[in-house]
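Data first, discussion second: the structure below is written as structure tokens.
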2 protein chains.
Amino acid sequence: MQSISEQCAREVLEVVPLVMRVIRSQFRKYGAPELSVPQFRTLHFLSQHRGASLSEVAEYIGLMLPSMSALIDGLVTRNFAVRRTSPNDRRRMTLTLTERGQATLRSARKATQTYLAEELNRLTQADRATIIKAMQALRPIFTEKAT
Amino acid sequence: MQSISEQCAREVLEVVPLVMRVIRSQFRKYGAPELSVPQFRTLHFLSQHRGASLSEVAEYIGLMLPSMSALIDGLVTRNFAVRRTSPNDRRRMTLTLTERGQATLRSARKATQTYLAEELNRLTQADRATIIKAMQALRPIFTEKAT
DNA sequence: TATTGTTATACTCTATAACTATA
DNA sequence: TATAGTTATAGAGTATAACAATA
């Protein structure tokens, strides 16, 4: 039935931005106030793609190379990431997180997750189970498009 | 059981940003490429709060007054919104959407919703029902915090 | 020549400080 | 005096164009 898809889409379109707004504000508050959102996303990407090149990160984040170069400068200067020239191809940059970068990512994530867990605790057990199932259904659809 | 809340929080924290990313890119692509995200959120707020003042919008969007004043300038110049001095209190600005502003909001919303519905159509009917229930459970928790 | 990244420069968005108009 | 908003100005973050180094 098409109309169920429509209703489902409408709900997702209304509720997901609300949830995202809270996630974002928590991230800022307890996570890493000294990092911009794109910088934070970059840390996240690098944590899952050790040694990625500047171009690869830029494509994922959606920035042009000069902008990403500047963004990485900021991370390197403040010791969140390390930038080395690749031994294989000396044009490429090899980007990795420092221990500080990893720790920042972990703690921001943990703080937000704890906050969410407290909020979700106000629901019934059945509702939480439903939410878990819903997220598991949504994940594969939206994972493809997010690289 | 606390651990179910934890698991639920983890799922939400991983999946919601993925969905949001797709929503945002669709909004940009088919909705209103000529509007920034804060401008778009402003249209949305004004559609639900006709005649809001500059201060009210600024607080909701999270901008300082001069920044919001400039943002509104952009909307007014391009005929998305109208700014009048309030008759009651001539210090206040009364902000409303133009027909163009309303139409832009509707069409962006519709385009995104249609896209989402197509994607959700790939799931089973049961999954879609689960998602609807999950969104309905999440909505009240996160609505409070989003004004 | 083609690819990877940086430097130079300009524009947009945001903030703080100072100001104007109204209450 | 206090409040609502604007103007002046400066700092981030982003883009395009031109360049340097490597393949």
Side-chain angles (χ1 to χ4, degrees), chain A residues 21 24-25 27-29 31-46 49-78 80-96, chain B residues 21 24-25 27-29 31-46 49-78 80-97 147:
Chain A
R21 185 178 174 187
R24 196 187 316 269
S25 90
F27 250 93
R28 291 238 159 161
K29 204 145 112 200
E34 76 267 52
L35 291 173
S36 70
V37 169
Q39 282 177 327
F40 206 92
R41 290 179 59 210
T42 300
L43 292 191
H44 178 72
F45 179 80
L46 290 179
H49 299 81
R50 272 185 68 80
S53 73
L54 193 70
S55 306
E56 286 161 355
V57 191
E59 164 146 23
Y60 175 81
I61 301 292
L63 287 180
M64 292 296 103
L65 275 179
S67 305
M68 184 50 76
S69 185
L71 187 156
I72 294 288
D73 271 347
L75 293 179
V76 168
T77 301
R78 289 177 296 162
F80 288 108
V82 175
R83 172 174 44 191
R84 295 195 206 81
T85 55
S86 160
N88 311 337
D89 180 343
R90 294 172 40 72
R91 291 171 304 180
R92 283 175 82 89
M93 289 289 120
T94 294
L95 303 170
T96 49
Chain B
R21 183 177 177 187
R24 196 187 316 268
S25 91
F27 250 93
R28 291 239 157 160
K29 204 145 112 199
E34 77 266 53
L35 291 174
S36 70
V37 170
Q39 283 178 326
F40 206 91
R41 291 178 58 210
T42 299
L43 292 192
H44 178 71
F45 179 80
L46 290 179
H49 300 80
R50 271 185 68 81
S53 72
L54 193 69
S55 306
E56 286 162 355
V57 191
E59 164 145 24
Y60 175 81
I61 301 292
L63 288 180
M64 292 296 104
L65 275 179
S67 305
M68 184 50 76
S69 185
L71 186 156
I72 294 287
D73 270 348
L75 293 178
V76 169
T77 302
R78 288 178 296 163
F80 288 108
V82 175
R83 171 174 44 190
R84 295 194 207 83
T85 55
S86 161
N88 311 337
D89 181 341
R90 293 171 42 71
R91 292 171 303 180
R92 283 175 81 88
M93 289 291 120
T94 294
L95 303 170
T96 49
L97 295 186
T147 301

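Chain A is the first sequence line, chain B the second, and so forth, proteins listed ahead of strands; every chain is numbered from 1.
Between the CG atom of A:L65 and the C1' atom of C:dA2 there is a distance of 14 Å, given to the nearest Å. In this structure, A:L71 atom CG and C:dT6 atom C1' are separated by 15 Å, rounded to whole Å. For A:M64 and C:dT6, the CE to P distance is 15 Å, given to the nearest whole Å. Rounded to an integer number of Å, the gap from A:Q39 CD to D:dA12 P is 12 Å. Atom CE in A:M68 sits about 15 Å away from atom P in C:dT4, given to the nearest Å. Per the geometry, CZ belonging to A:R41 stands 10 Å off P belonging to D:dT14, to the nearest Å. For A:R84 and C:dG5, the CZ to P distance is 15 Å, given to the nearest whole Å. Atom-to-atom, CD of B:E56 to C1' of D:dT3 comes out at 13 Å; the value is rounded to the nearest Å.
To the nearest 0.5 Å, atoms CE (A:M93) and CE (A:M68) are separated by 14.5 Å. Note that CG of A:L75 and CG of A:L35 are 6.5 Å apart. Values are rounded to the nearest 0.5 Å. Within the model, atoms CG of B:L97 and CZ of B:F45 stand 11.0 Å from one another, a figure rounded to the nearest 0.5 Å.
Between B:S69 and the phosphate of D:dT6, there is a side-chain N or O to OP1/OP2 separation shorter than 4.0 Å. Residue B:S55 has no polar side-chain atom (N or O) positioned under 4.0 Å from OP1 or OP2 of D:dT3.
Residue B:R83 places its CZ atom among more than 12 non-hydrogen atoms of other residues, nucleotides or ligands, all under 6.0 Å distant.
When the salt bridge (charged side-chain N to carboxylate O under 4.0 Å, His left out) test is applied to B:R92, the partners found at least two apart in sequence or on another chain are B:E56.
Distance alone, capped at 3.5 Å, is enough to place a donor-acceptor pair between the A:R78 side chain and the A:E34 backbone.
Remark: the A:S67 side chain and the D:dA15 base include a donor-acceptor N/O pair separated by less than 3.5 Å.
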B/S/- along nucleotides 18-23 of chain C (protein heavy atoms under 4.0 Å) is ---BBS

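By the 6.0 Å and 45° rule, A:R21 stacks over the aromatic ring of B:Y60.
Among the atoms of the strands shown, only primed sugar atoms or phosphate atoms (P, OP1, OP2) are found under 4.0 Å from some heavy atom of A:L54.
Closest to the side chain of A:P38, out of D:dT16, D:dG5, D:dT14, is D:dT14.
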